[in-house]
Enquirer: 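Below is the structure I would like to discuss, written out as structure tokens.
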Protein chains: 2
Amino acid sequence: MPPATVARLPGYLRALEATAASGAVLTSSEELARRAGVTSAQLRKDLSHLGSYGRRGVGYDVQHLREQITVALGLSDVRRVLLVGVGNLGHALANYAGIAERGFALVGLVDADPAVVGTTVAGLVVEPADDLAGVVARTGATIAVLTTPAEVAQRVCDELVAAGVVGVLTFAPGALRVPPHVDVRAVDVASELQILAFHDRARGAGGGAS
Amino acid sequence: MPPATVARLPGYLRALEATAASGAVLTSSEELARRAGVTSAQLRKDLSHLGSYGRRGVGYDVQHLREQITVALGLSDVRRVLLVGVGNLGHALANYAGIAERGFALVGLVDADPAVVGTTVAGLVVEPADDLAGVVARTGATIAVLTTPAEVAQRVCDELVAAGVVGVLTFAPGALRVPPHVDVRAVDVASELQILAFHDRARGAGGGAS
DNA sequence: TAGATTGTTAATCGATTAACAATC
DNA sequence: TAGATTGTTAATCGATTAACAATC
């Protein structure tokens, strides 16, 4: 399955859920693509990698396609997620309902700050960072969300990987080095803004006359 | 400039800042690539689009390259950023120091909740959502960060665009429709986790025997 | 000069797009 | 059957990689 396709599947899943909520039983590549913000050709091509069973002349069964994508993404089993770094951002993410809604269980919170350890956030007691391996083992977490300061991100990541985590979503700026069997996704807010600045640049810095 | 290159420039900038902090005056494509997590061939290729002036046999002048990338990304002028949606996540982002550190000015906060409007967050007074156009005009914001509930994201986005915003960074799940002159970057935490789940999937759901 | 390292070229690879035959 | 819509094919496009000539 092409990586670019995998990266779009969550968007299709969401679009399907919106379609299902509207009560529709069937949908078309045209409608679904519009909702997901891609072309219908792209959508059909992507779904073809799933060995999808739409019906020519008819369209896709909403619930069936939803299940197909859910299985393909590996969301049939609930994945256990550990969050490391309960600062402002970590706190916000821990309380983010979308995580549980979309098939994940937040099973642990870890922080290095003694003032934070022991407090309850999102129904979980924050555990100390010096027992990272223990927390991973006890919770069975396979995915970690990293919201630590950039300076410690690599070290924490190394410990997580050593403890058995195979997927890391990091919000710390800077590249993380991991072994080949581990998957890293990086969200860097400042980088995103800088990319937007690039496009803004061409349009003049003054805000423009209307 | 290829989009893929633009998307990597912020990473190079950050790598250069780390290099500068270490006191080095010169660097090589090899070293910089290692820091940025790409190959040296990729880095040189990317920099070639800047018309970069490294010196063969010598390397790159750290400060000079830093300025080149800063100019290329349009970061010579400070971009004004407006944040809409001061919930958990919006609050965290408003207080995120990295935004100011990396060349942006947070110039306004907006929320629809009367209980939040009027409070001070990150040194700014939260303004009411019904005056979105006015806030954009007064602040001269060209970039907006969207941390509203998904249900209102499209409507808020439309208003921002109508008011003159040309770049939107959205954290709300779901595709945003915008006119061609507007640039959207989307961060979807749940989608990122689902992509990680895909890779986790292949490795078995049990946590694995060690 | 000899060693190092860039900038560029050419080859490869993967992703997107458009068109249409298959088929419901 | 006629109309609709998929799944697939082939063409295009863009991005990555590897190698090396240029040159400091």
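So you know, we letter chains A, B, ... as the sequences are listed, proteins then strands, and number each from 1.
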Enquirer: How many Å lie between CG on B:Leu32 and P on C:dT5, as a whole number?
Expert: 14 Å
Enquirer: Measuring from the side chain of B:Tyr60 (C-beta onward, heavy atoms only), which nucleotide among C:dC24, C:dG7, D:dT16 has the closest atom?
Expert: C:dG7
Enquirer: D:dT6 P sits how many Å from A:Leu50 CG, rounded?
Expert: 15 Å
Enquirer: For atom CZ of A:Arg138, is the number of surrounding heavy atoms from other residues, nucleotides or ligands below 6.0 Å larger than 12?
Expert: yes
Enquirer: Identify the pairs formed between an N or O of the protein and an N or O of nucleotides 20-23 of chain C at a distance under 3.5 Å, and give each distance.
Expert:
unit_1 : atom_1 : unit_2  : atom_2 : d
C:dA22 : N3     : A:Arg56 : NH1    : 3.1

Enquirer: Surrounding CD of A:Gln63 (heavy atoms of other residues, nucleotides or ligands, distance under 6.0 Å), is the total greater than 12?
Expert: yes
Enquirer: Between P on C:dT6 and OH on B:Tyr12, what's the gap in Å once rounded to a whole number?
Expert: 13 Å
Enquirer: May I have the distance from B:Lys45 (atom NZ) to D:dT17 (atom P), rounded to whole angstrom?
Expert: 12 Å
Enquirer: Output the rounded distance in Å from CG (B:Asp46) to P (D:dA15).
Expert: 10 Å
Enquirer: Taking only Lys NZ, Arg NE, NH1 and NH2, and the carboxylate oxygens of Asp or Glu, determine whether A:Glu31 and A:Arg35 approach each other closer than 4.0 Å.
Expert: yes
Enquirer: DNA chain C in dot-bracket, Watson-Crick or G-U pairs under 3.5 Å, [ ] crossing, | other strand?
Expert: ..||||||||||||||||||||||
Enquirer: Over how many whole Å does the gap from A:Leu47 atom CG to C:dT16 atom C1' extend?
Expert: 15 Å
Enquirer: Assess whether a salt bridge exists between B:Arg102 and A:Asp188, defined as any Lys/Arg side-chain N lying under 4.0 Å from an Asp/Glu carboxylate O.
Expert: yes
Enquirer: One thing to verify: whether B:Arg14 and B:Glu101 come together as a salt bridge, which I'm taking to mean a side-chain N less than 4.0 angstrom from a carboxylate O.
Expert: no
Enquirer: Among C:dT17, D:dA18, C:dG7, which is the nearest nucleotide to the side chain of A:Thr39?
Expert: C:dT17
Enquirer: Has B:Arg55 got more than 12 heavy atoms of other residues, nucleotides or ligands less than 6.0 Å from its CZ?
Expert: no
Enquirer: B:Ala190 and A:Phe104: which non-hydrogen atoms are nearest, and at how many Å?
Expert: O-CE1, 4.2 Å
